[in-house]
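Take a look at the structure below.
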Amino acid sequence: AKRSAVNNCQVFEPQMAEEVNRLLQLESDIRSSFQDHQFIFYLQPLIDLHTRSLVGAEALIRWEHPLRGQVQPAEFISFLENSDMINPVGLQLLDDVCQFIRYHKEAGRFPVELRVAVNISERQLYDADFVGKCLSVLRKYKLPGSCLEFEITEGAALHNLDEVVDKMRKLQNEGITFALDDFGTGYSSLSYLKRLPVNKIKIDKSFIDDITIDPQDAAMVASIIAIAQNMNLIIVAEGVETDAQAQWLSQYDGILIQGYLFDRPLSPDIFAQNYLPELPG
Ligand code: C2E
Ligand code: CA
Ligand code: CA
Ligand code: CA
């Protein structure tokens, strides 16, 4: 056992150096790409399962790299979230989303009941002036909070729950709603559900994947739905890919779905083309 540990170590070391290099490169790349505005957002529609109508959209970050093409969040988001860069990048993304909403409102193509959801990471919530920054973006584009939703994970409230709850309430007073993202994947989802003033839960894709074939997963999703309904929370099933999953979920009332079955994340232009109707008046 000892010998194989040594062998592992020899194999591991160059890999570690490579990883360190990759991260250093990523860091300098990210700083310059932020200046060049290479971070953009895509929009994935959120659909009412029963009416099949659009009820919202989630903004998802993309990195338009001049050499590598479009880079997906899996490759850079945890790095971004673990550096201070998430604050300026997150704020710029919020600004871009609000600019998009303003543009389509002015064109009479953004329904009042529509919300765009933006992912907010832990470090953003700990910024002492997070609330002030969000409100000034809304003011800049003359928008009500009711066109936005913030998606947070329970990790976001791990360290200073009272402070986070206080900020959430201030933003809710302005009309912004909150969704608890990746529900069920953390180690204490229920206790956060009890303490965080959220309006919606998003059941993680990992629970949805096998609902039609794994009775345990089905039982868990059924229980999550029952809890959420008793708490008057809106329920989103994430990562719905098949008709069978949609069929299974449709035994419950009021479920919203987000997933490839309905549509993938789209560029804002394509999203507007396909989903934002010409409104009368
Ligand atoms: P998330 O917030 O849970 O977002 C949902 C992810 O699931 C998105 O991946 C979306 O494209 C993907 N997805 C949706 N439907 C399906 C489906 O039917 N099948 C499969 N296989 N995937 C589906 P994406 O865009 O790669 O984002 C990954 C994660 O990166 C997000 O997970 C979120 O945690 C993070 N992220 C994305 N944008 C932002 C952002 O602007 N700020 C922050 N802080 N995090 C972000
Ligand atoms: Ca999300
Ligand atoms: Ca999620
Ligand atoms: Ca996530």
Side-chain angles (χ1 to χ4, degrees), residues 40-61 90-120 124-125 130-152 167-181 196-203 228-229 231-238 240 252-259 262-281:
I40 57 150
F41 68 91
Y42 267 37
L43 290 171
Q44 187 178 31
L46 188 67
I47 302 297
D48 181 313
L49 181 55
H50 286 280
T51 64
R52 298 272 159 159
S53 61
L54 181 79
V55 293
E58 178 176 6
L60 294 157
I61 196 168
L91 191 65
Q92 186 187 66
L93 194 119
L94 181 67
D95 192 289
D96 291 345
V97 165
C98 288
Q99 186 177 41
F100 170 88
I101 297 171
R102 173 82 256 159
Y103 178 84
H104 291 285
K105 253 191 196 307
E106 256 159 37
R109 293 180 58 163
F110 195 90
V112 277
E113 65 279 3
L114 206 63
R115 277 178 201 273
V116 179
V118 176
N119 291 284
I120 303 293
Q124 290 175 275
L125 282 170
F130 177 68
V131 173
K133 284 172 180 162
C134 294
L135 298 187
S136 43
V137 174
L138 284 174
R139 269 198 302 275
K140 176 176 172 189
Y141 294 104
K142 302 190 186 68
L143 292 173
S146 59
C147 62
L148 290 177
E149 179 155 88
F150 286 169
E151 297 193 358
I152 60 171
K167 288 174 181 170
M168 288 173 72
R169 293 209 190 281
K170 287 188 173 123
L171 293 163
Q172 282 175 325
N173 287 339
E174 302 292 327
I176 298 176
T177 52
F178 280 84
L180 194 53
D181 208 351
L196 294 172
V198 294
N199 310 88
K200 178 188 277 181
I201 61 162
K202 300 187 80 173
I203 305 174
Q229 283 178 339
M231 292 178 76
N232 281 318
L233 299 171
I234 297 167
I235 302 156
V236 178
E238 285 194 306
V240 176
Y252 300 98
D253 286 331
I255 306 282
L256 308 181
I257 60 167
Q258 187 180 342
F262 203 83
D263 221 335
R264 292 185 174 248
L266 306 166
S267 76
D269 284 348
I270 303 282
F271 178 86
Q273 233 174 64
N274 295 357
Y275 289 99
L276 297 184
E278 204 77 58
L279 295 174

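Values reported hereafter were calculated over all heavy atoms of this structure, with side chains retained and with hydrogens, waters and symmetry mates removed.
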**Request:** Mind telling me whether F150 and F130 have parallel, tilted or perpendicular rings, with 30° and 60° as the class edges?
**Result:** tilted
**Asked** Mind checking whether F110 and F100 have parallel, tilted or perpendicular rings, split at 30° and 60°?
**Response** perpendicular
Beyond-backbone contact of [X] with [Y], side-chain heavy atoms, under 4.5 angstrom:
X    : Y    : answer
N119 : F41  : no
V198 : M168 : yes
L148 : V97  : yes
F262 : R52  : yes
I47  : V55  : no
L43  : L266 : no
L143 : K105 : yes
T177 : K200 : no

**Message:** Among residues at least two apart in sequence or on other chains, which ones pass side-chain contact (heavy atoms from CB on, under 4.5 Å) with S146?
**Reply:** R115, P144
**Request:** Give the C-alpha distance, both sets of side-chain angles, the deciding distance and a yes or no for side chain to side chain contact (heavy atoms under 4.5 Å, CB included) between L46 and E58.
**Result:** CA-CA 7 Å; L46 188 67; E58 178 176 6; over 6 Å; no
**Request:** Applying salt bridge (charged side-chain N to carboxylate O under 4.0 Å, His left out), name anything that partners R264, two or more places apart in sequence or on another chain.
**Result:** none
Drop me the distance from [X]'s [atom1] to [Y]'s [atom2], to the nearest 0.5 angstrom.
X    : Y    : atom1 : atom2 : value
L114 : I101 : CG    : CD1   : 8.0 Å
I120 : F178 : CD1   : CZ    : 7.5 Å
L180 : E151 : CG    : CD    : 10.0 Å
D95  : C134 : CG    : SG    : 11.0 Å
L91  : Q124 : CG    : CD    : 8.0 Å
L135 : I176 : CG    : CD1   : 6.5 Å

**Prompt:** Given the rule in the side chain to side chain contact (heavy atoms under 4.5 Å, CB included) test, do D96 and I40 qualify, once you have shown the distances and angles that lead to the verdict?
**Reply:** CA-CA 8 Å; D96 291 345; I40 57 150; 5.8 Å; no
Looking only at heavy atoms, what is the nearest atom pair of [X] and [Y], with distance?
X    : Y    : answer
C98  : Y141 : CB-CD1, 3.5 Å
A57  : F271 : CB-CZ, 3.7 Å
D181 : E238 : OD1-OE2, 3.3 Å

**Asked** Strictly by modelled atom types, are Q172 and N199 linked by a side-chain donor-acceptor pair under 3.5 Å?
**Response** yes
**Residue pairs fulfilling salt bridge (Lys or Arg N to Asp or Glu O under 4.0 Å) with at least one residue in residues 167-177, sequence neighbours excluded** = E163-K167, D166-K170
